[in-house]
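Report on the following structure.
Quick caveat, the model's predicted, so the values are computed rather than measured. Counting starts at 1 for both ligands and their atoms, following the listed order.
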Amino acid sequence: MSFETVSVIGLGYIGLPTAAMFASKRKKVIGVDINQKAVDTINRGEIHIVEPELDILVHASVTQGYFRASTTAEPADAFLIAVPTPFKAGGSVIPEPDLGYIEAAAKSIAPVLEKGNLVVLESTSPVGATEQLAAWLAELRPELTFPQSSGSDADIKIAYCPERVLPGHVVRELVENDRVIGGMSPESSAAAIELYKTFVEGECIITDSRTAEMAKLTENSSRDVQIAFANELSLICDEIDVDVWELIKLANRHPRVNILQPGPGVGGHCIAVDPWFIISKSPDAAKLIHTARKVNDSKPLWVVDKVNQAVGEFLQRHPERNAKSVTIGCYGLAFKPDIDDLRESPAMQIVQKVREVHAGKILVVEPNVESVPTQLGEVELVELEDAVSTCDIHLLLVDHKEFKSTVIDKSKVVIDTKGVWL
Ligand code: SAJ
């Protein structure tokens, strides 16, 4: 089977680079997104997200005529769905995944599906989502046959293939990483491998769709649990007056120990979200995964308490000053080092909470942005040197490269959530 035309549904952080990758291999790519602005930007050969090397790739594939974006689906040999899977609104104790975007994608491609097509779901999904997608498509196109009822003879092939790329390294990792391919039939898996081998140099490993879905959730939950262990250690060490950074370095000298790093909390759109897809399906069995989520989610508030305590202690040592005259410097807002992505960032949450309670000035240093979101309230975005020389309390929230060579006066109060200045 050959794939000459590939349609990618959802042109975000995963869909856009994947579409550009197919186009760079001279496949005809039709990208589909509901966001007209994103579609227009892409059709001008530009990009609406920040990811190294992606702009060159998209520009080249659009100007050479291999890649075009649209708000409506068109016939293709393969459809790759990379839409978001957020939580359902309502703020329940255990957040539930919302498959609404996948259902909308199914509705948009169903009218143009043709016998022989391959449909691949890439969105991070709860176990069973691929079977649900297949059921929606079968309902919408009753004259076509699907793997759930016709197995190997089905007109349409369906597979789940999770993405595993690290933001900031997407273009390289898309090519190099191994891929898990979960076909709903052996033919679906074989077709999906052929599709991905267009640009993937890593190994493609076959399993069923449910195991592939769970593999993605497991990878990110594993990292969340490991970070929770490091974060819990940081709380324990604070109580018993042990340097957690030195402790972890020492423990990691053991040949079979590899502890991750504590921080202000866990951010981003994956590690802090995906474990809930396991917990919501198996709330009684997923105890450790659930506890890890709670440990990581509570870390920002612990940091806020530390700041409040530090302000109190500072005022005790300086009875001539009042809280209004105490300036706090916050270093970093992004959800991890050396990126500009502030969404779901524990650093943002901390600065916002500190702003709510602190009477004095708050200076923010974030070398990767030009302005700070209004949700932070009255804070001032300043240059690194200005914060270092004027603040009474220095709160390091992200280990951006710019901060690593900074020297803070030993007489100043330092709260270092990443162990950079200690
Ligand atoms: N973090 C720590 N301590 C650490 C490592 C990370 O506190 O030792 C924090 C980071 O500061 C950040 C959060 O965890 O706030 C998540 O960062 P990350 O670098 O661990 O992961 P993401 O969210 O950028 O990307 C992850 C990756 N998954 C795994 O490494 C298992 C990536 O491969 C996935 O493709 C991505 O999620 C995704 O899209 O699911």
Do [X] and [Y] meet the criterion of a side-chain donor-acceptor pair at a distance under 3.5 Å?
| X | Y | value |
| --- | --- | --- |
| Asn35 | His48 | no |
| Asp224 | Ser221 | no |
| Asp40 | Gln36 | yes |
| Asp340 | Asn368 | no |

Contact atoms of ligand 1, heavy-atom distance to Leu166 under 4.0 Å: 19 (O), 24 (O), 25 (O), 27 (C), 32 (C)
For Pro167, atoms of ligand 1 separated by under 4.0 Å from a heavy atom: 24 (O), 25 (O)
Looking at ligand 1, does any of its N/O atoms fall within less than 3.5 Å of an N/O of [X]?
| X | value |
| --- | --- |
| Glu219 | no |
| Val165 | yes |
| Gly267 | yes |

Any Thr124 heavy atom less than 4.0 Å from ligand 1: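 Per 4.0 Å heavy-atom rule, Thr124 does not contact ligand 1.
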Ligand 1 contacted by Cys270 (non-hydrogen, < 4.0 Å): yes
Checking a contact table here: which protein heavy atom is nearest [atom], and how many Å away?
| atom | answer |
| --- | --- |
| atom 19 (O) of ligand 1 | Lys336 NZ, 2.8 Å |
| atom 10 (C) of ligand 1 | Phe335 O, 3.8 Å |
| atom 20 (O) of ligand 1 | Arg223 NE, 2.5 Å |
| atom 1 (N) of ligand 1 | Ile227 CD1, 3.5 Å |
| atom 28 (N) of ligand 1 | Asn220 OD1, 2.9 Å |
| atom 33 (O) of ligand 1 | Arg164 O, 2.8 Å |
| atom 39 (O) of ligand 1 | Glu163 OE2, 2.7 Å |

Residue portion contacting ligand 1 (non-hydrogen atoms closer than 4.0 Å) for Gln261: both
Side chain, backbone, both or neither: Lys216 near ligand 1, heavy atoms under 4.0 Å: side chain
For the pair [X] and [Y], find out whether any cationic side-chain nitrogen is under 4.0 Å from an anionic carboxylate oxygen.
| X | Y | result |
| --- | --- | --- |
| Glu203 | Lys197 | no |
| Glu163 | Arg179 | no |
| Glu219 | Arg164 | yes |

Non-neighbouring partners of Pro300 that pass side-chain contact (heavy atoms from CB on, under 4.5 Å), sequence neighbours left out: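 Result, side-chain contact (heavy atoms from CB on, under 4.5 Å) vs Pro300: Pro346, Gln349, Ile350.
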Geometric class of the Phe277/Phe87 ring pair [parallel <30°, tilted 30-60°, perpendicular >60°]: perpendicular
Within residues 239-259 or reaching into it, pairs that qualify as salt bridge (Lys or Arg N to Asp or Glu O under 4.0 Å) - sequence neighbours excluded: none
From the candidates Leu217, Val398, Thr417, Ile271, the one that places a heavy atom nearest atom 26 (C) of ligand 1: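 It is Ile271 whose heavy atom sits nearest to atom 26 (C) of ligand 1.
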Ring-ring centroid check Tyr331 His400, cutoff 6.0 Å: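 No, ring centres 6.0 Å or more apart.
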